[in-house]
Amino acid sequence: NSPNPFNSITTVSFRLPVKAPVRLSVFNVMGQEVVTLCEGIAEPGMHTVQLDARDLSSGIYLIILESGRKRQSRKALLLK
């Protein structure tokens with residue numbers, strides 16, 4: 001995500017090599033899902049989604065992308 005750390009809004013980018021089902025979610029450090037950014041079938045190529053975290057508390061969050069049997073996670077730091 002960029003920027004990171006961020007204040008309220010950050011952009012999450014990911015690239016898919018083939019058309020695939022995806023789920024992009026944000027979790028707090030307690031492992032609770034706080035928001036789903038996108039879910040469904042996505043076309044191959046570059047994708048960008050904005051995370052509006054105005055209603056979230058400052059802290060560390062995990063952004064997790066799931067596609068098929070693959071899963072990637074990144075840390076995001078929200079500073080208000």
Side-chain angles (χ1 to χ4, degrees):
N1 66 300
S2 177
N4 191 20
F6 68 103
N7 179 1
S8 298
I9 297 177
T10 188
T11 301
V12 179
S13 300
F14 62 94
R15 183 184 317 271
L16 293 176
V18 296
K19 185 175 181 176
V22 297
R23 180 177 173 89
L24 185 62
S25 305
V26 179
F27 291 81
N28 62 21
V29 293
M30 306 251 315
Q32 301 164 318
E33 184 174 359
V34 294
V35 65
T36 298
L37 297 175
C38 70
E39 183 173 25
I41 304 296
E43 296 295 323
M46 192 68 177
H47 300 268
T48 57
V49 180
Q50 280 200 329
L51 167 58
D52 183 344
R54 285 180 247 188
D55 294 333
L56 299 178
S57 301
S58 294
I60 297 172
Y61 292 87
L62 291 176
I63 300 172
I64 298 179
L65 174 66
E66 297 173 282
S67 180
R69 291 186 286 176
K70 294 186 179 183
R71 184 179 214 191
Q72 286 189 330
S73 64
R74 298 286 184 263
K75 288 183 189 175
L77 179 58
L78 173 59
L79 298 175
K80 290 188 174 184

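Throughout, numbering of the chain's residues begins at 1 and tracks the sequence. The basis for the numbers below is simple: all heavy atoms, side chains too, and nothing from hydrogens, waters or symmetry mates.
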Give every donor-acceptor pair under 3.5 Å between a side-chain atom in residues 69-80 and any protein atom, sequence neighbours left out.
unit_1 : atom_1 : unit_2 : atom_2 : d
K80    : NZ     : A53    : O      : 3.3
K80    : NZ     : R54    : O      : 2.7
K80    : NZ     : L56    : O      : 2.4

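- Rounding to the nearest 0.5 Å places CG of L24 at 11.0 Å from OG of S67.
- Checking side-chain atoms of T10 against main-chain N and O of S2 turns up a donor-acceptor pair under 3.5 Å.
- Annotation: ring-ring contact (aromatic ring centres under 6.0 Å, His included) contacts involving residues 57-80, sequence neighbours excluded, are absent.
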Applying side chain to side chain contact (heavy atoms under 4.5 Å, CB included), run through L51 and N1 and close with a yes or a no. CA-CA 9 Å; L51 167 58; N1 66 300; over 6 Å; no

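- Atom CG of residue D52 and atom CD1 of residue I9 lie 4.5 Å apart, to the nearest 0.5 angstrom.
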Could you tabulate the donor-acceptor pairs under 3.5 Å formed by side-chain atoms of residues 29-49, not counting sequence neighbours?
unit_1 : atom_1 : unit_2 : atom_2 : d
Q32    : OE1    : N28    : ND2    : 2.8
E33    : OE1    : R23    : NH2    : 3.0
E33    : OE2    : R23    : NH2    : 2.7
E33    : OE2    : S25    : OG     : 3.2
E33    : OE2    : T36    : OG1    : 2.5
T36    : OG1    : R23    : NH2    : 3.3
E39    : OE1    : R23    : NH1    : 2.9
E39    : OE2    : R23    : NH1    : 2.7
H47    : NE2    : E43    : O      : 2.6

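- Listed by first and then second residue, the salt bridge (Lys or Arg N to Asp or Glu O under 4.0 Å) pairs involving residues 8-18 amount to none (not counting sequence neighbours).
- Hydrophobic cluster membership of L62, counting Ile, Leu, Val, Met, Phe, Trp and Tyr whose side-chain heavy atoms lie under 4.5 Å apart directly or via other members: F27, I64.
- The stretch residues 5-14 participates, sequence neighbours left out, in no salt bridge (Lys or Arg N to Asp or Glu O under 4.0 Å) pair at all.
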